[in-house]
**Q** 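After the structure tokens below, expect a handful of questions from me.
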Amino acid sequence: RLELWHIDPEANEAVAALQPAAEHLRTKDTPVAFTTETVYGLGADATRSGSVKGIYEAKGRPSDNPLIVHVSDLRMLRSLLGDKGSSDDVIPARYKSLIQKFWPGPLTILLPIPDPSPLAPEVTAGLKSFGVRMPSSPLALTLIKLAGVPLAAPSANASTKPSPTTAQHVKDDLDGRIEMILDGASCQVGVESTVVDGLCDPPVVLRPGGIGMEDLRSCPGWEDVVRAYKDQSEEGNVAPRAPGMKYKHYSPKARVVLYESTYRAGKDGIAAADADAAVALTNGHTHTQSTNGNSHKRVGIIRTKRWRAAAGLQCNDLHLSAGRDDDHGESSYEVYAGDLQNQEGDVIGEVFDISLGQDTKRIARGLFSALRELDRRGVAMIFVDGIDDELDIAAAVMNRLRKAASDIRA
Ligand code: TXA
Ligand code: MG
């Protein structure tokens, strides 16, 4: 049985409401899903092997992919690192500026595993370092504090799926595998934390996320930080350094076609510039959905460009009629449903069109949800506008999209 608890983390009753969940985390071996400011996490007591194994089981996650440890305060982190109260701080000096600036928040740092280690070995999958962050979500902070132990928590999706940004996403993936979802305020960031390694020189970004490169560079000791993750668009062969990066990730059921360079050409986006290509691809790849023998194509579009009038929008074969779809329960974007027509004007299927707007933060917030929404509509293809990945959270957006768009490039 899956229990869904709506909790207002700012309310006075929040602490009382979270007590049973904290108790569950301390004593049971099944993980608990909870809101963070990035994406939903699937948490377990990081100090007990039994409960950490429960995470891998529920997610179907390969056991050599390490988990991020979540702490509620620096005291918890210091005691994890074996602080003996001497004057030497157990937290490496290079992280001081980052911790001060970005915690609590969407930044994960790598630290050496102390010896002896209070962490269950399953958390780190045999590595010499562990990732840790202090989330800013009030629900997450209160939960960790009440549990009194650090929580290991990967994103609460089934392995390979896009990360969940609503409780419903978690339910869609893990119903029958977990017992409890704590549903607090929505995930404000929408993509996962930035993972950095400051134990090497120069320090590196292992995964782009909620904190941008230029924000890191503004911190003392981080001026020379470099990217150590591999984006498919880049030349050269950078070995994947974050173990999680070598697995299939962020994949909806539909095939994702990423229009990598529309922003560079100053184009208007998919619908305006590339409808021909989209239709060619659609004709080539869309599988048959219908049960009555008619071929019925469903395609999805995710736009990050100037929004063109949706009413009666006609671009070559793609005809989109406006129609606000109120079924999706999300405020960050709208889904327009329309007819997919061939050259002769025959309706051959449906188009579901989502505009995430042009604001990068908003795009990040809605991205995973949009991919999942289009899956829910049963589309076979999703066409997505690329964005300029030079700055801030846009790097994270493009990183996730490049992973989702496995083999087709446009
Ligand atoms: O925002 C987030 O980070 C979310 C929320 C729930 O906090 N968590 C999350 O966890 O995204 P997960 O497990 O889905 O991704 C963790 C990433 C993986 O790419 C993993 O390989 C990397 O962090 N990672 C964790 N520990 C590591 C370590 N010791 N060395 C290198 N990479 C590590
Ligand atoms: Mg994940």
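In each ligand, atom 1 is the first atom listed, and ligand 1 is the first ligand listed.
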**Q** Check A167 against I181 and note the closest heavy-atom contact, atom names and distance.
**A** O-CD1, 3.8 Å
**Q** Any N or O on S129 sitting closer than 3.5 Å to an N or O of ligand 1?
**A** yes
**Q** I'd like to know: is the Mg ion (ligand 2) within the 2.8 Å range of an N/O/S atom from S155, strictly under that distance?
**A** yes
**Q** Which of the atoms in ligand 1, numbered in the order shown and given with their element, are less than 4.0 Å from a heavy-atom of N65?
**A** 20 (C), 21 (O)
**Q** For a quick test of reading the model, state the closest non-hydrogen atom pair linking L216 to F102 and the distance between them.
**A** CD2-CE1, 4.1 Å
**Q** Work out whether the distance between some heavy atom of A153 and some atom of ligand 1 is less than 4.0 Å.
**A** yes
**Q** Looking at H70, which atoms of ligand 1 are within less than 4.0 Å of one of its heavy atoms?
**A** 5 (C), 6 (C), 7 (O)
**Q** From atom 24 (N) of ligand 1, work out which of P66, G210, G190, G131 has a heavy atom at the shortest distance.
**A** P66
**Q** Which atoms from ligand 1 have a heavy atom of F130 less than 4.0 Å away?
**A** 29 (N)
**Q** Looking at R217 and E214, is any side-chain nitrogen of the basic one under 4.0 Å from a carboxylate oxygen of the acidic one?
**A** no
**Q** Can you name the nearest heavy-atom pair linking R400 to F368, along with the distance?
**A** CG-CZ, 3.8 Å
**Q** Check this for me: does any side-chain nitrogen of one of R133 and E37 sit under 4.0 Å from a carboxylate oxygen of the other?
**A** yes
**Q** Select the closest option to atom 30 (N) of ligand 1 among T194, L199, V196, L110, judged by heavy-atom distance.
**A** L110
**Q** State plainly whether the residues R78 and D89 are in salt-bridge range, i.e. N to O under 4.0 Å.
**A** yes
**Q** Using a 4.0 Å heavy-atom cut-off, which part of E37 comes near ligand 1: side chain, backbone, both, or neither?
**A** neither
**Q** Which atoms of ligand 1 have any heavy atom of S155 under 4.0 Å away?
**A** 8 (N), 9 (C), 10 (O), 12 (P), 14 (O)
**Q** Between D359 and R365, is there a salt bridge with N-O shorter than 4.0 Å?
**A** no
**Q** Which atom names give the shortest non-hydrogen contact between V90 and D83, and what distance separates them?
**A** CG1-CA, 3.9 Å
**Q** L127 heavy atoms, cut-off 4.0 Å: which ligand 1 atoms fall inside?
**A** 28 (C), 29 (N), 30 (N)
**Q** Between ligand 1 and Y40, is the shortest N or O to N or O distance under 3.5 Å?
**A** no
